[in-house]
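Just so it is clear, the values below take in all heavy atoms, side chains as well, and ignore hydrogens, waters and symmetry mates. Counting from 1, the numbers follow the sequence of the chain as shown. These figures come from a predicted structure and were not determined experimentally.
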Amino acid sequence: MSDALTFLLGLFGLMLLVPAIVFFLETMFARRSGVVPQPLVAKRPRIAVLVPAHDEAAGIAASLATILPQLAPGDRLLVVADNCSDDTAGIAAMAGAEAIRRDDPEQRGKGYALDFGVRHLSRDPPDVVVVIDADCVPGTDALERLASSCVATGRPVQALNLMRSPPGAPLSTRIAEFAWTVHNFARPLGALRLGAPCQLMGTGMAFPWRVIEHAPLASGHIVEDMSLGLDLAERGTPPLFCPDALVTSTFAAKADGLASQRTRWEHGHLSVIVGRAPRAMGRAIRCRDAALAAMVLDLCIPPLASLVLLVLLGMAVSAVLAALGGDRLPLVVFALALGLISIGVATSWHRFGREIVSLRELGGVPAYVTSKVPLYWQALCGRQARWVRTERDDGSQE
């Protein structure tokens, strides 16, 4: 019985050690100084900005006002008012966008809205389609940088997508902002320096027309961006990270809205790991596709809090086993995984997080990790599998 338990613990430890190593490598390479060259083209491509929107009447005009100045003659700005109960389409049209309505209560979710918008654009196809969420703000020249890199490489391109804490946000939200920065900045930057692709992040995504017109967009998956990125990598066009193009948004200030966001992201991520990663890795091995393999390895890093909790659980069981005279190897494996994760987090904080949380406030990380236990328990008992709107501060929902 002891040998069997040791074997299972060792196997479990190795399963966690692999994502810990990948996390460590990505964060170590992200801290290196120097500019990463971005492939560009001399001639500006024709851009269509696609904005999926659901009940965004309260704030969409402000968001569109940040997109319109970046457009050139011949570009398009298309808003898909998806299953809206307010006047999102009318306000978008008044702001200067082309607005279309989609009403299909049975097929709800961003993926369906994107598919509807792409089919509308097919009547006059652009060179590049850039997806910007209705609550996001693209930085200066972000659209041109994305589109130029997209045409130069023939691949989907992902902008740097950061979420900021609202004024007066509690420590837990600022720790979540730091975790988001590690996930969306440090890790993709490290992957870029390693020559690997990145995950799609839902907003700030640019696609060559020949790629997006045939992409499997119509999906109600709660993390349709992550699933789409894997689909495109399997088709030979893995996404490329473009840190020079910035897109920002703000965390929901209300506790319910923030909890809904976290549940959707983390349950969706776990479902993609379980449902897609093994098959995709098998394909990468059969086809000798290094880019796809690298993308799957990155995908298999679970939400950081869940990874830490699993490693700590394994360490606790291994310590008990070792105290009873069992093999110490599983304990060594778990300790190594925890050490690599800790170094990666500390390095990322020093490079990217000191303006988000102070060194003293990092002491709140254990409480933040512990607060995720109910979320992961819910995932085990029956994870969220369908798209659910997030309540915004103004009462609207995304």
Item to check | Test log, rule side-chain contact (heavy atoms from CB on, under 4.5 Å), inputs F241 and L160 | outcome: CA-CA 7 Å; F241 185 50; L160 169 58; 4.0 Å; yes
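- Each of I67, T203, V131 was evaluated against C136; a single residue qualifies, T203, per the side chain to side chain contact (heavy atoms under 4.5 Å, CB included) test.
- Under a 4.0 Å N-O distance rule, the pair D87/R101 qualifies as a salt bridge.
- Judged by distance alone, with hydrogens and angles left aside, the side-chain atoms of Q70 form a donor-acceptor pair with the main-chain N or O of G139 at under 3.5 Å.
- Closest of all the heavy-atom pairs between A99 and A92 is CB-CB, 4.2 Å.
- Judged by distance alone, the side chain of W209 and the main-chain N or O of S122 form no donor-acceptor pair under 3.5 Å.
- Interatomic distance, CZ of R174 versus CD of E355, reported as 13.0 Å (0.5 Å rounding).
- Nearest heavy atom pair, residue V80 against residue F116, reads CG1-CD2, 3.9 Å.
- Residues L192 and L240 have side chains in contact (heavy-atom distance under 4.5 Å, counting atoms from C-beta outward).
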Checklist entry - Please walk me through it: do L304 and V345 pass side-chain contact (heavy atoms from CB on, under 4.5 Å)? => result CA-CA 10 Å; L304 198 54; V345 170; 3.8 Å; yes
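- Smallest separation of non-hydrogen atoms from V182 and S348: CG2-CB, 3.8 Å.
- A donor-acceptor pair is defined here as one N or O able to donate and one able to accept, closer than 3.5 Å; such a pair exists between the side chain of T66 and the backbone of S63.
- Side-chain atoms of D141 and R145, non-hydrogen and from C-beta on, do get closer than 4.5 Å to each other.
- In this structure, the side chains of E26 and C198 stay at 4.5 Å or more apart for every pair of heavy atoms.
- Annotation: the span from H120 atom NE2 to I100 atom CD1 amounts to 4.5 Å, rounded to 0.5 Å.
- Aromatic ring pairs are classed by plane angle as parallel below 30°, tilted from 30° to 60° and perpendicular above 60°; the pair F185 and F352 is tilted.
- Hydrophobic clustering of Ile, Leu, Val, Met, Phe, Trp and Tyr side chains at less than 4.5 Å, counting indirect connections, keeps L217 apart from M226.
- Around CZ of R276, the count of heavy atoms belonging to other residues, nucleotides or ligands within 6.0 Å exceeds 12.
- Atom-to-atom distance recorded for L340:CG and F24:CZ is 6.0 Å, nearest 0.5 angstrom.
- No donor-acceptor pair closer than 3.5 Å links the side chain of T250 to the backbone N or O of S165.
- In this structure, CG on L292 lies 8.0 Å from SG on C287, to the nearest 0.5 angstrom.
- Side chain of R351 to main chain of T27: no donor-acceptor pair is present (N/O by atom type, distance under 3.5 Å, no hydrogens or angles).
- Rounding to the nearest 0.5 Å gives a distance of 6.0 Å between CE of M205 and CG of D225.
- Cluster annotation: L11 and V320 are assigned to distinct hydrophobic clusters (Ile/Leu/Val/Met/Phe/Trp/Tyr, side-chain heavy-atom contacts under 4.5 Å, transitive).
- For the pair H269 (side chain) and I301 (backbone), a donor-acceptor distance under 3.5 Å is present.
- Taking 4.5 Å as the limit, every side-chain heavy atom of N83 sits out of range of all side-chain heavy atoms of Y112.
- P197 and R155 get closest at one heavy-atom pair: CB-NH2, 4.0 Å.
- Here the shortest heavy-atom pairing between L9 and G314 reads CD2-O, 4.4 Å.
- With hydrogens and angles disregarded, a donor-acceptor distance shorter than 3.5 Å links the side chain of Q199 to the backbone of M295.
- Taking hydrophobic clusters as Ile, Leu, Val, Met, Phe, Trp and Tyr residues chained together by side-chain heavy-atom distances below 4.5 Å, I60 shares a cluster with V130.
- Between the side chain of D127 and the backbone N or O of R46 there is at least one donor-acceptor pair closer than 3.5 Å.
- No salt bridge links R283 with E234; every basic N to acidic carboxylate O contact stays at or beyond 4.0 Å.
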Checklist entry - Taking it one step at a time, do M163 and E177 satisfy side-chain contact (heavy atoms from CB on, under 4.5 Å)? => result CA-CA 6 Å; M163 291 193 74; E177 179 185 349; 5.9 Å; no
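- Listed here is the closest heavy atom pair of F251 and T173: CB-CG2, 4.1 Å.
- Following chains of ILVMFWY side-chain contacts shorter than 4.5 Å, one cannot reach V296 starting from L200, and the two form parts of different hydrophobic clusters.
- Residues R44 and D75 form a side-chain contact, since some pair of their non-hydrogen atoms from C-beta on lies under 4.5 Å apart.
- Considering I341, L307, L336 as possible partners of L16, the one that fulfils the side chain to side chain contact (heavy atoms under 4.5 Å, CB included) test is L307.
- For the pair D115 and R119, the salt-bridge criterion is met [side-chain N within less than 4.0 Å of a carboxylate O].
- Using a 4.5 Å heavy-atom cutoff, the side chains of L362 and W349 are in contact.
- Between the CG atom in L146 and the CG atom in D244 there is a gap of 10.0 Å [rounded to 0.5 Å].
- Salt-bridge annotation for K110 and D133: present, with a side-chain N of the basic residue lying under 4.0 Å from a carboxylate O of the acidic one.
- Using a 4.5 Å heavy-atom cutoff, the side chains of L310 and F12 are in contact.
- R210 contributes a side-chain N or O that, together with a main-chain N or O of G154, makes up a donor-acceptor pair within less than 3.5 Å.
- No continuous path of ILVMFWY side-chain contacts below 4.5 Å connects M94 to L64, so the two sit in separate hydrophobic clusters.
- Listed by chain and residue number, L40, V41 satisfy the side-chain contact (heavy atoms from CB on, under 4.5 Å) test with S148 (two or more places apart in sequence, or in another chain).
- Of the possible polar contacts, none joining the R187 side chain to the H183 backbone as a donor-acceptor pair under 3.5 Å is found.
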Item to check | Verdict with supporting geometry, W180 and N161, side-chain contact (heavy atoms from CB on, under 4.5 Å) | outcome: CA-CA 9 Å; W180 185 274; N161 171 27; 3.7 Å; yes
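- Taking 4.5 Å as the limit, every side-chain heavy atom of V51 sits out of range of all side-chain heavy atoms of E56.
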